[in-house]
Enquirer: 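Have a look at this one.
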Amino acid sequence: MRTRSRQKRERAGPGCSHLFRTMCEAIFSRGHLMFARLGLLGVLTSVLLAGCVTPPNARTDLLAFLETGKTTREQVLLGLGQPSASFEGERIITYRIGQYGEQGYYIISPRVVLPAQSASWQNVHFSLVIVFDENGRLRNHKLIRVD
Amino acid sequence: MKLPPCQSADGRLLVVAVLCAAALMGCIIIPVDYHATGSRHNITEESTNEFPIGVTTREEVLLALGEPDFVSEDSQRFGYFWSKVKAIWAVASYGTGAGGELTKSYLIQISFDSRQRVSDVRLLQNWGESVTETPGSR
């Protein structure tokens with residue numbers, strides 16, 4: 001006579017690992033049906049929505065370190081990463097900036113922009129233009145809204 | 001001698017009008033005016049008037065418009081591109097249908113001289129998703 005636990009294992013299917021079998025027993029067990037399904041649903045929802053609701057390192061103080069006459073080109077490159085474009089021997093560099101509500105700004109990496117999308121400004125809210133002087137120090141910068 | 005309606009000029013015009021109306025019966029065109037997906041919004045046709053020739057520097061252009069969409073290999077020409085949807089069309093007939101957008105594309109081409117000053121500003125525009133140079137465009 002097959003016990004209830006053996007019936008559960010058989011229902012879970014042959015060849016299941018112990019962990020998967022345990023999960024199957026928990027899901028199909030009448031006593032844990034509701035909580036197990038809710039928990040699994042919650043985990044799956046969190047995983048699926050993680051990329052949607054999490055801003056990519058959005059910061060309100062992303063550009064706070066820029067000080068005219070003080071900030072160097074090296075500090076800008078270390079703080080903001082690779083620019084999306086440069087001109088006049090890197091005397092002028094530009095970045096594409098996104099904005100995530102009140103959570104702040106984030107850099108849209110040039111590696112994310114595919115060649116076919118280089119002319120696309122989708123999800124880009126600003127173009128940051130930074131100008132350096134002959135000594136490599138910040139002379140001027142401007143955040144230009146493009147959306 | 002008076003011609004029958006189908007052979008007179010007015011009659012032919014009437015027949016053509018009726019045929020066109022019948023062909024377009026399942027077609028709708030809605031005029032709109034908004035930027036296409038992925039287009040920048042900060043440039044208009046009037047932007048060509050913002051850069052006096054011989055005076056404006058490349059730096060001033062970048063600080064005014066931002067990163068250009070296209071740059072020539074020698075960096076002597078910038079291209080700022082945007083596109084707008086001008087109409088939405090749809091046609092339906094016997095259980096099938098189709099629709100789409102009518103897009104107009106614009107390109108401001110700014111050229112610089114050896115002193116890094118603006119030497120030419122040109123506005124190019126074309127129906128569709130790409131821009132080709134048209135004579136007399138500015």
Side-chain angles (χ1 to χ4, degrees), chain A residues 63 66 68-69 73 76-77 80-99 105-147, chain B residues 34-44 47 50-51 56-85 101 103-119 124-126 128-132:
Chain A
L63 307 178
L66 297 176
T68 303
R73 181 185 291 111
V76 171
L77 294 176
L80 301 180
Q82 180 184 351
S84 57
S86 64
F87 308 90
E88 298 182 11
E90 291 193 346
R91 190 180 75 85
I92 306 172
I93 59 177
T94 63
Y95 290 89
R96 298 193 178 195
I97 307 287
Q99 186 177 19
Y105 308 105
Y106 59 94
I107 299 290
I108 296 176
S109 172
R111 291 172 298 177
V112 177
V113 179
L114 300 176
Q117 298 175 331
S118 61
S120 172
W121 293 86
Q122 194 169 3
N123 299 324
V124 180
H125 297 86
F126 300 95
S127 175
L128 172 65
V129 180
I130 300 177
V131 183
F132 300 100
D133 60 19
E134 57 276 7
N135 299 319
R137 294 191 180 273
L138 181 65
R139 195 182 81 177
N140 194 3
H141 72 284
K142 190 173 180 183
L143 202 59
I144 299 138
R145 194 167 194 96
V146 295
D147 64 346
Chain B
Y34 59 85
H35 285 88
T37 302
S39 169
R40 62 196 310 157
H41 295 206
N42 65 315
I43 300 178
T44 66
S47 300
E50 297 179 7
F51 310 109
T56 313
T57 64
R58 181 187 281 116
E59 176 181 327
E60 290 171 339
V61 171
L62 289 169
L63 288 171
L65 301 181
E67 177 188 339
D69 297 275
F70 306 102
V71 181
S72 63
E73 287 190 8
D74 57 1
S75 300
Q76 294 300 102
R77 279 180 298 163
F78 287 173
Y80 289 89
F81 176 87
W82 76 101
S83 58
K84 302 192 81 174
V85 178
E101 298 175 331
T103 304
K104 193 169 187 180
S105 299
Y106 303 84
L107 176 72
I108 289 183
Q109 182 179 288
I110 303 176
S111 302
F112 301 94
D113 59 21
S114 56
R115 299 180 301 123
Q116 316 303 331
R117 297 265 190 306
V118 172
S119 62
L124 310 175
Q125 50 188 315
N126 192 33
E129 296 183 357
S130 62
V131 173
T132 55

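All values derive from a computational prediction rather than experimental measurement.
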Enquirer: Considering only heavy atoms, which portion of B:Ser75 lies under 4.5 Å from any heavy atom of chain A: side chain, backbone, both, or neither?
Expert: neither
Enquirer: Distance only, no hydrogens: is a donor on one side chain within 3.5 Å (strictly under) of an acceptor on the other, for A:Asn135 and A:Arg137?
Expert: no
Enquirer: Students often mix this up, so state it plainly: with edges at 30° and 60°, are the rings of A:Tyr105 and A:Phe126 parallel, tilted or perpendicular?
Expert: perpendicular
Enquirer: Pick one of side chain, backbone, both or neither for A:Val146, based on which atoms fall under 4.5 Å of a heavy atom in chain B.
Expert: both
Enquirer: Just to verify, what does B:Asp74 make a side-chain contact (heavy atoms from CB on, under 4.5 Å) with, not counting sequence neighbours?
Expert: B:Ser72, B:Gln76
Enquirer: Identify which part of B:Phe78 has an atom lying under 4.5 Å from any heavy atom of chain A, answering side chain, backbone, both or neither.
Expert: side chain
Enquirer: Count the heavy-atom pairs under 4.5 Å between each of A:Leu143, A:Val131, A:Ile130, A:Asn140 and chain B, then report the option with the highest count.
Expert: A:Val131
Enquirer: What's the verdict on side-chain contact (heavy atoms from CB on, under 4.5 Å) for A:Tyr95 and A:His141, showing C-alpha distance, side-chain angles and the deciding distance?
Expert: CA-CA 11 Å; A:Tyr95 290 89; A:His141 72 284; over 6 Å; no
Enquirer: Just say parallel, tilted or perpendicular for the rings of B:His35 and B:His41, cut-offs at 30° and 60°.
Expert: parallel
Enquirer: Is it the backbone or the side chain of B:Leu65 that comes under 4.5 Å from a heavy atom of chain A, or both, or neither?
Expert: backbone
Enquirer: Could you tell me which portion of B:Ala36 (side chain, backbone, both or neither) has an atom closer than 4.5 angstrom to a non-hydrogen atom of chain A?
Expert: neither
